[in-house]
Amino acid sequence: EVQLVESGGDLVQAGGSLRLSCAASGFSFDDYAIGWFRQAPGKEREGVSCISSSDGMSHYAASYVASVKGRFTISRDNAKNTVYLQMNSLKVEDTAVYYCAADRGSGCGLGEWLYDYWGQGTQVIVSS
């Protein structure tokens, strides 16, 4: 059974940090790009960041939406089948439910239509 389980969401003050985790099972994790998406109340879900599968030499491509560049860092640990999203300098507008998703395709992209499997989400609330 394919599973993606997010964790690490919390209530944090603006300027603070959180690290989200996405633990995967039930598929060949190394072969999948993993993306992070978020959905704020009343808004559509948007792509936040993604990390590609390895190019065979442990090199990964990563991509970020403009609003989080320089503040968020995505990484993956294939030995643990886990992807992390380190979120620093959090802003009130980062408040959302954060989802991770897996894409069997090459590279990584921030379009929802690329992704095959989805987690249930973890709530991040940033207070002012």
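Computed from a predicted model, the values in this text were never measured in an experiment.
Counting heavy atoms from C-beta outward, Phe29 and Arg76 have side chains that approach closer than 4.5 Å. Counting heavy atoms from C-beta on, the side chains of Leu110 and Ser63 come closer than 4.5 Å. Taking the side chain as every heavy atom from C-beta outward, Asp31 and Arg104 approach each other to under 4.5 Å. Here the side chains of Leu20 and Met87 are in contact, with some heavy-atom distance below 4.5 Å. Contact check for Leu18 versus Leu90: side-chain heavy atoms found under the 4.5 Å cut-off. In this structure, Tyr32 and Ser53 have side chains that are not in contact, with every pair of non-hydrogen atoms separated by 4.5 Å or more. Under the 4.5 Å side-chain criterion, counting only non-hydrogen atoms from C-beta, Ser49 is in contact with Leu85. Using a 4.5 Å cut-off on side-chain heavy atoms (C-beta onward), Cys50 and Tyr115 make contact.
In this structure, a donor-acceptor pair under 3.5 Å is present between the side chains of Arg38 and Tyr98. With hydrogens and angles left out, the side-chain atoms of Asn78 and Tyr60 include a donor and acceptor closer than 3.5 Å. Checked by atom type, the side-chain pair Ser17/Asn88 shows a donor-acceptor distance below 3.5 Å.
In this pair, Tyr117 and Phe27 present their aromatic rings tilted. The plane angle is within the 30 to 60° band.
The CD1 atom of Ile34 lies 9.0 Å from the CG atom of Asn81; values are rounded to the nearest 0.5 Å. Note that CG of Leu114 and SG of Cys108 are 9.5 Å apart. Values are rounded to the nearest 0.5 Å. Interatomic distance, Cys100 SG to Glu6 CD, rounded to the nearest 0.5 Å: 4.0 Å. Interatomic distance, CG of Leu11 versus OG of Ser127, reported as 5.0 Å (0.5 Å rounding). Atoms CZ and CD1, on Phe72 and Ile74 in that order, are 11.0 Å from each other to the nearest 0.5 Å.
Shown here is Gln13, whose CD atom has no more than 12 heavy atoms of other residues, nucleotides or ligands within 6.0 Å.
When all heavy atoms of Ala33 and Gly107 are compared, the pair lying nearest together is CB-O, 3.3 Å. Here the closest heavy-atom approach between residue Leu4 and residue Cys22 is recorded as CD2-SG, 3.8 Å. Nearest heavy atom pair, residue Ala14 against residue Ser128, reads CB-CA, 4.4 Å. Between Asp94 and Val124, the shortest heavy-atom contact is O-CG1, 4.3 Å. The two residues Trp118 and Glu112 have their closest heavy-atom pair at CZ2-O, 3.8 Å.
Transitive grouping of hydrophobic side chains (ILVMFWY, heavy atoms separated by less than 4.5 Å) keeps Phe37 and Val126 in distinct clusters. Linking Ile, Leu, Val, Met, Phe, Trp and Tyr residues whenever their side-chain heavy atoms come within less than 4.5 Å leaves Val12 and Tyr84 in two separate clusters.
In this structure a side-chain-to-backbone donor-acceptor pair under 3.5 Å is missing from Thr95 to Ile125. Between the side chain of Arg71 and the backbone N or O of Ser89, at least one donor-acceptor pair lies under 3.5 Å.
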Q. Could you go step by step and tell me if Glu46 and Val65 meet the side-chain contact (heavy atoms from CB on, under 4.5 Å) rule?
A. CA-CA 9 Å; Glu46 68 166 345; Val65 70; 4.3 Å; yes
